[in-house]
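Notes to accompany the following structure.
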Protein chains: 2
Amino acid sequence: MLWDVPRVSEEHLNARREQILDAARACFVAKGLHSTSMQDLIKEAGLSVGAVYRYFKSKDEIIAAIAETVTGGIMQHIETVAAQRLPLAESMDAVLVAIEIQMGPGGHLPIALQVWAEAAIDPAIAAIAKDRYVKLRGALQLLVENAVDSGELPEDTDVAAVTSAYYSLVPGFALQRMLTGTPDKDSYMRGLRLLINR
Amino acid sequence: MLWDVPRVSEEHLNARREQILDAARACFVAKGLHSTSMQDLIKEAGLSVGAVYRYFKSKDEIIAAIAETVTGGIMQHIETVAAQRLPLAESMDAVLVAIEIQMGPGGHLPIALQVWAEAAIDPAIAAIAKDRYVKLRGALQLLVENAVDSGELPEDTDVAAVTSAYYSLVPGFALQRMLTGTPDKDSYMRGLRLLINR
DNA sequence: CAGCATAAAACGAACGCTCGTTCTTGACGC
DNA sequence: GCGTCAAGAACGAGCGTTCGTTTTATGCTG
C-alpha cells in the first residue's frame, strides 16, 4: 500500500475550505443558517455541489465549522487589550471598539446571533458555543485581574463573580444595539461610567 | 337577513388561536423556528392543517405573533418591580428572578433567542423586536429614575445613558447563562455589586 | 319542538417545489 | 492508465400551502 501523496498542495486544500467558509459566512449573514440553502452557498463560493461535498460532508458540518470561528476576532482583540493593563472602564471601551466593528458589514456578530439560537436547539453547536464563550470569559477575567493588581478593585475581590458581571456588558451592548439600533458605544460607556464610578 | 351573529363564541375563537400559539411555543423551544414544520406544530396543537390555516395565513404570521408576545412576561414583572422603588442593585436582583424563571422549562427565553436571530434576517420580525425591546428599556428606565429620585444617583444623571448600561445587564446575564451554564443569579449579583458599589 | 337550511369551522389528501445529499461521468496530473 | 478531484444531473424526502369535502352549530319555519 502506497502513502497518500497529496495531489494538490495542502495550502490549496485549506484555501478551498476557507473559500467555502467565507461563502457560508456571507450567506449566513444575509439569510441566516436555515434559510441559506446548499445551492445558495455553493453558488456564492463559485464551486460545484461535488466540490463542496468533498470538503464538508454535510451542511451541519459547515455550520459547526462556522460556529468554531465566530469568537476568533474578539478573542484576539481582548488579549491585546489585556496586555495594555488599563482601568476597567477603559478596557471595556477598547473591547467595545471591536464589538462595533463586528456589528458592521463583514462583521461576525450577526452570525454569532444565529449560532446562539442554534445552540439552544442543537447539542453539538451548544457544546462548541459553551467552549468558546467560557474561553472568552476567561480572557475577560484577565482584565478584571489587572484591576485587582492595580488596586482599582480590592485585593480580596471575588474575581470570577465580578468577571461574570463585567462579561455580560459585552453581549448586552451588542444585542441591545442590534435589536434597538441604540446606543452607540460612547453613550453606552458614558452610562456605564456613571453606574460603576461612584 | 340578520345572521351576522357569530356561529361560535368569540372566546372560542381566541382560545383556538391561543391553542395554536401555545403549540407553536412548545415546538419552537424544542426545535427552533425553522426546524419546526407546520406538521409538527399542527400535531402538537391537536388540530388539522385546515384548522390552523383558518387562524393564521402562513407560518411567518405565526412566528410574528409569537415574537409579539415574547417580552410580555418580563415587561409586566419589571413594572411590578418599579412600583417597589428599590435601590438599583435590589431592582436588578428582582428582575433577574423573572429572567431565571423564563430560562427554565416553559419559559420564553429560548424563544427570545430564536426571535433575535430571526430579527437579524427578517425585517418584519426586526420591526417587532425593535418595538418590544425599546419598550422594555423604557420600563427599566423607571428603575433608574427611581434611583435618581432617591438620591442614589445624582440629580443631573444622564438617565438614558445609564439605562442603556443597566439594561444590558439583563440580556447579558441571560445569554451568558444559556450559553455557558453559569453563573447563577446570586453569583452574578455578588459580582455586580462589587462592580457598581465602590 | 322537529327538522331543514345555511354558513362557519374543521378536515386531510394532494400539489408543486425546494431541500440536502448521492452518484455517475469525465478531465487532469503523475 | 490510474488515482484524485470536480462537475452537475438526478433523487427521494419533506416542506408550506391549497382546496374540495365533511362536520358542526345555529336560526328559521311550519
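Remember, predicted model here, so these are calculated numbers, not experimental data. Here is the naming used below: chain letters follow the sequence lines, and residue numbers restart at 1 for every chain. Worth knowing before you read on, the calculation uses all heavy atoms, side chains too, and leaves out hydrogens, waters and symmetry mates.
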**Residue pair R85(B), L143(B): steps toward the side-chain contact (heavy atoms from CB on, under 4.5 Å) verdict** = CA-CA 7 Å; R85(B) 311 191 130 264; L143(B) 306 185; over 6 Å; no
**Request:** Report the C-alpha distance between L86(B) and D93(B) in whole Å, list the side-chain angles of each, state the deciding distance to 0.1 Å, and finish with yes or no for side-chain contact (heavy atoms from CB on, under 4.5 Å).
**Result:** CA-CA 10 Å; L86(B) 301 166; D93(B) 194 296; over 6 Å; no
**Request:** Would you jot down, in residue-number order, the residues of residues 42-57 of chain B having a non-hydrogen atom under 4.0 Å from DNA chain D?
**Result:** V49(B), Y53(B)
**Request:** May I ask you to verify if any side-chain N or O of R16(A) is less than 4.0 angstrom from the OP1 or OP2 atom of dC5(D)?
**Result:** no
**Request:** Examine dC15(D): is either OP1 or OP2 under 4.0 Å from a nitrogen or oxygen in the side chain of S37(B)? Give yes or no.
**Result:** yes
Measure [atom1]/[X] against [atom2]/[N] and give the value in whole Å, please.
{"X": "Q39(A)", "N": "dT18(C)", "atom1": "CD", "atom2": "P", "answer": "11 Å"}
{"X": "K31(A)", "N": "dT18(C)", "atom1": "NZ", "atom2": "C1'", "answer": "11 Å"}
{"X": "L41(A)", "N": "dT18(C)", "atom1": "CG", "atom2": "C1'", "answer": "16 Å"}
{"X": "H34(B)", "N": "dC19(C)", "atom1": "NE2", "atom2": "P", "answer": "13 Å"}
{"X": "M38(B)", "N": "dG12(C)", "atom1": "CE", "atom2": "P", "answer": "15 Å"}
{"X": "Q19(B)", "N": "dA10(C)", "atom1": "CD", "atom2": "C1'", "answer": "12 Å"}

**Message:** Does S35(A) reach a base, just sugar-phosphate, or nothing at all? Heavy atoms under 4.0 Å.
**Reply:** nothing
So which heavy atom on [X] is nearest to which on [Y], and how close?
{"X": "G191(B)", "Y": "A165(A)", "value": "C-CB, 3.9 Å"}
{"X": "H77(A)", "Y": "V95(A)", "value": "CD2-CA, 4.1 Å"}
{"X": "Q114(A)", "Y": "A120(B)", "value": "NE2-CB, 3.9 Å"}

**Asked** So among H108(A), Q76(A), K135(A), R132(A), which one has a side-chain contact (heavy atoms from CB on, under 4.5 Å) with T71(A)?
**Response** R132(A)
